[in-house]
Amino acid sequence: MSLQTRLKGAVGPPDNDSRHLLDPHARGIPGRAAMRTFDDADEVDLLIVGCGAGGAVLAQRLARAGWRIVVLEKGPFFDPDSDWVSDEEGARSLYWTENRVIGGEDPVELGQNNSGVGVGGTMLHYAGYTPRFHPSDFETHTRDGVGADWPLSYWELKAHYERVEAELPVAGQDWPWGDPHSYPHSAHPVGGAAERAQDGARAVGIEMRVGPVGIPSGTFGNRPHCIYRGFCIQGCKVNAKASPLVTHVPDAIAHGVEIRADSMATRVEVDERGRCTGVTYVKGGRERFQRAAVVAVAGYSIETPRLLLNSTSRRFPKGLANGEDQVGRYVMVQGAPHVAARFPDLMRMYKGPPPQISSEQFYETDERRGFARGFSIQTVGPLPIGWAGHVLADGHWGEALREYMRDYNHWTTLGMLCELLPRAENRVTLAGELDLNGMPIARLDYTQCDNDRKNIAYAKSKLYEIWEAAGAQDTLEIDRYAHLVGGCRMGTSPEESVVDRDHRAWEVPNLLVADTSAMPTQGSANPALTTMALSSRLADRLVAKAAPSASATGAVAVRRAVAAA
Amino acid sequence: MAPDFREPHHLPKHRAGAPGPPPGLPRQRRGTTPQMRGRYPDHDVLARAGHWDAATRRLVLDRVENPPPIRFFDAREASTLAAFCDTVCAQEAEPRIPVLAYVDDKLHGGRLDGYQHAGMPDDREVWRRVARGLDDAAREHGLDSFAALPADVRREIVGAFADGDLSGGVWDHMPPDKAWGVVTRSVLAAFYSHPWAWNEIGFGGPAYPQGYARMGVGQREGWEGDEAFEVDPVGDVLERGAE
Ligand SMILES: Cc1cc2nc3c(=O)[nH]c(=O)nc-3n(C[C@H](O)[C@H](O)[C@H](O)COP(=O)(O)OP(=O)(O)OC[C@H]3O[C@@H](n4cnc5c(N)ncnc54)[C@H](O)[C@@H]3O)c2cc1C
Ligand code: SF4
């Protein structure tokens, strides 16, 4: 037995105390009451827009290095005890439900399926899968002639994957795919619905492993054990599922970060020299301006481009950092159809976290399949409203709908994540309509390419093979998408990217993009862990260049650090 | 006839065209289900409310006990659309889940879903136009309101809507398939967020702070009702009488 196996669940991260800063008897974040605050006129070292996966990790890391930081977050600072409910329809407050226009030939339905709002970001209501990307994801252009090469490699990110996995922490079996690795926590027990899927997969030679999920297997500091109630996507009232609210925000606050909730950034402002000076935002109906030496935008793949596109000035008439018309381009979603299958026994797929087992056996390119790149297979556990959407999508309403619904407990569902390729014309632009703050709403156009369609069709046929082998009595199918990636991608030149390998805008030296929108490709892995690992790496790079800046000259040192990174 | 629900014969794809609930579907014995039928006759989620956390209990009980009043739609729209919702959800008898009340409340409160297809109107306008479109269809059958149509004609029209087969009038400026997506999204959310529907399908409900412990194939918590197959005496007599 290796040392790592022996120590499973026993060692916590040394440089993040969030788990101990939580209250064992209440779910709200205890440090909030004593949180440090900054004046709008005070030039902070770093202002981060968005307290999600990317923004919260960056704040936590740099706060520990002494940076003075404000995070603006549009959504509320939730208290899971009083603000969240164990109810599907009642979880709407976690979703970004302000209007967006969708277009293109294969429009992506947004709302509850794609982005969240509130301190903790979209991970408050993500499912909880936390796979790494494969080394190949960072060089798909070189290897497979599609997509784009990243300006950094898997190996530069590996140490940060390990760090973040220890912080969430991630539970799962030893992982054989990509760069093989193990997880800090052992795998969770598997429910009946996932067991069936695993049997079917085995029968056709597909290996599925348990995990990886950002849910500790056991207690973790003051975070309780998962109670397997299956409401992960509706927000975990237990504090078992990892999200920045419980994994990074407590430690960030303890190190002096101000998280200013209910604050919507509307413009990043610049001076005549083309440097950011701070951010205009709306809080409580009043427009305000926070000064900052450096601005990091971390609002996710739609809001980050939207904010930059709206930040026009004489110097940047097409939007901030958009001189080359790259902002908002190469937005990706994963093809995520589900195929559900019916069996004689009751499996009650509402029990346990929706993410239970997954396979990355089809992740890499296999030329015999007739398309580049691949897909992964994962269990999902739709609750009743979600299940009704599946039944309707398969063409049933009225009595047929009711009967398939009554049959709910006999069904189990598998989904795919197909790697769809980045395309310049899949992009975020500003629509004519204005929101309540007078800011133009976003429009997302999306059209699949031929490779995408082939990938999805092939992946679906694999799911049908699994279910047939498992002896399914009936199947239902729904076409859908999952996740958002890209929109302000990093690259090696300003002509084809928005930021460089250190997340710094080519055109604005003190502007960073620190979220999922910086990713040039998406693989067929869920993106949250990689987003966090990228911010962890970025923080390391910035700290290495800057002296701690608690002094009055801090902002100068920080600016220099960002410029030098 | 299938001896129980282990076999799939009762499923719509296996009994093409057969209207109505399948044979063997029990009457509800504990608690309420829509139309008092259900697969789990002794499963009453609401009996568990004392075990839920306060925030969830407040929300779910309020949903059941205080369906919101109609404020967004006018009386004519409301009667047409209530009939539409009941057709989509196959609610031809009491007790009914008041689906439209929840839809109306959502639209009245402006709690929309976060996206709008390019070229489509706002969801609120989509609903109003759907009401007009359904009444137009009723006029082709000689009646002034969709709500006044016999059930089979309502089903025929809703079937055409589901298949995107409506044209003329409001449909010339609003693709029926996109409109179908907008309205059904809210209908399904209203119906399946209601504990009566959870009873019918055997869903365990909120389950916090208690959680679930028995997750394996064929297992259930002690308080979860089991599935039952039952011969309904009236239906049975009718069926055998007809043979
Ligand atoms: C239903 C669902 C399931 C998912 N499941 C998984 C999964 O299993 N595994 C996985 O890896 N990923 C999953 N994801 C995706 C994952 O959650 C996201 O990829 C990730 O959280 C994105 O991180 P981010 O930092 O880019 O943005 P976010 O986490 O979304 O953070 C952005 C924050 O910025 C705020 N913001 C935006 N604009 C502004 C502004 N102008 N002013 C102020 N604040 C602003 C937003 O309110 C938000 O809180 C899922 C997503 C959804 C919706
Ligand atoms: S299943 Fe576990 S992780 Fe998911 S919401 Fe429930 S307690 Fe939280």
Side-chain angles (χ1 to χ4, degrees), chain A residues 81-90 92 95-103 107 109-112 189 191-192 195-196 227-231 237-238 342 344-348 350-352 384-385 388-389 392 395-410 443 473-474, chain B residues 5-8 10-14 19-22 25 38-39 52-53 55-56 59-60 87-90 111-119 122 155 158 162 184-185 188-189 191-193 197-198 200-204 206-220 224 227:
Chain A
D81 282 331
S82 51
D83 297 336
W84 294 352
V85 286
S86 216
D87 180 75
E88 225 181 334
E89 181 63 7
R92 293 178 62 91
Y95 314 147
W96 189 291
T97 51
E98 281 185 20
N99 200 21
R100 291 156 168 174
V101 175
I102 58 172
E109 299 195 342
L110 297 170
Q112 67 172 57
E195 231 173 83
R196 243 318 159 265
I227 61 168
Y228 302 113
R229 80 200 217 292
F231 280 88
K237 275 184 81 84
V238 179
R342 206 269 177 190
D345 291 306
L346 297 183
M347 292 169 291
R348 302 184 187 262
Y350 53 86
K351 295 190 182 184
I385 299 174
L392 187 94
H396 312 281
W397 54 273
E399 283 294 352
L401 165 77
R402 289 283 289 281
E403 185 54 20
Y404 274 119
M405 291 303 298
R406 283 191 285 258
D407 214 45
Y408 177 52
N409 287 338
H410 285 272
R443 172 179 171 133
Q473 299 164 299
D474 196 354
Chain B
F5 289 110
R6 291 181 61 82
E7 294 300 317
H10 60 285
L11 290 173
K13 282 186 197 169
H14 293 256
L25 186 65
R39 202 67 87 68
W52 303 341
D53 68 281
T56 304
L59 178 88
V60 176
T87 310
V88 171
C89 296
R111 297 190 304 277
L112 304 187
D113 293 330
Y115 62 95
Q116 179 179 337
H117 282 273
D122 184 274
R155 281 198 290 267
V158 170
T184 51
R185 201 155 75 216
L188 298 184
F191 193 86
Y192 286 104
S193 62
W198 302 342
E200 182 188 19
I201 69 174
F203 173 55
Y208 174 78
Q210 188 180 29
Y212 294 117
R214 297 178 53 77
M215 306 207 298
V217 174
Q219 293 187 333
R220 63 186 165 100
E224 288 183 308
E227 190 179 56

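So you know, we letter chains A, B, ... as the sequences are listed, proteins then strands, and number each from 1.
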With a 4.0 Å cut-off, would you call A:E109 and A:R100 a salt bridge? no
Mind listing the closest non-hydrogen atom pair of A:D87 and A:F231 along with its distance? N-CE2, 3.6 Å
So which residue, B:G218, B:A213, B:P22, ends up with the most heavy-atom pairs under 4.5 Å with chain A? B:P22
Per-residue tally against chain B (heavy atom, under 4.5 Å) across A:E88, A:R196, A:M405, A:M347 peaks at A:M405
Distance from A:L110 atom CG to A:T97 atom OG1, nearest 0.5 Å? 11.5 Å
Winner by heavy-atom pair count (cut-off under 4.5 Å) against chain B, out of A:P189, A:S82, A:A400, A:G192: A:G192
Between B:A118, B:G114, B:G216, which shows the greatest number of heavy-atom pairs under 4.5 Å with chain A? B:G114
Check each atom of A:Q112 against the heavy atoms of chain B and say whether the ones under 4.5 Å are side chain, backbone, both or neither. backbone
For B:R6, is there any backbone N or O sitting under 3.5 Å from a side-chain donor or acceptor partner on A:Q473? yes
Could you grab the distance from atom CG of A:L401 to atom CG of B:L188, nearest 0.5 Å is fine? 6.0 Å
Best-contacting candidate, A:H396, A:R443, A:R402, against chain B by heavy atom pairs under 4.5 angstrom: A:R402
B:T56 side chain vs A:S86 backbone, donor-acceptor pair below 3.5 Å: yes
Sequence neighbours excluded, which residues qualify as side-chain contact (heavy atoms from CB on, under 4.5 Å) partners of A:D81? A:A26, A:R27, A:D79, B:Y208
Side chain, backbone, both or neither: which part of A:R348 has a heavy atom under 4.5 Å from chain B? side chain
Without hydrogens or angle criteria, can the side chains of B:E227 and A:H410 be said to hold a donor-acceptor pair below 3.5 Å? yes
Measure B:W52 against the heavy atoms of chain A and call it side chain, backbone, both or neither at under 4.5 Å. neither
Need one label for B:D53: side chain, backbone, both or neither, based on atoms under 4.5 Å from any heavy atom in chain A. side chain
Between A:R229 (side chain) and B:G211 (backbone), is there a donor-acceptor pair under 3.5 Å? no
Look at B:L112, B:T87, B:L11 and state which one has the largest set of heavy-atom pairs under 4.5 Å with chain A. B:L11
Answer with side chain, backbone, both or neither: which region of A:E98 has an atom nearer than 4.5 Å to a non-hydrogen atom of chain B? backbone
Looking only at heavy atoms and a cut-off of under 4.5 Å, which of B:A162, B:G38, B:S193, B:P206 has the most pairs with chain A? B:P206
Considering only heavy atoms, which portion of B:A189 lies under 4.5 Å from any heavy atom of chain A: side chain, backbone, both, or neither? both
Largest heavy-atom contact set with chain B, pairs under 4.5 Å, which of A:Y228, A:Y404, A:Y408, A:W84: A:Y404
Of the backbone (N, CA, C, O) and the side chain (C-beta and beyond), which part of A:L392 lies under 4.5 Å from a heavy atom of chain B, both, or neither? side chain
Need one label for A:R342: side chain, backbone, both or neither, based on atoms under 4.5 Å from any heavy atom in chain B. side chain
How long is the straight-line distance from CG of A:N409 back to CZ of B:R39, given to the nearest 0.5 Å? 9.0 Å
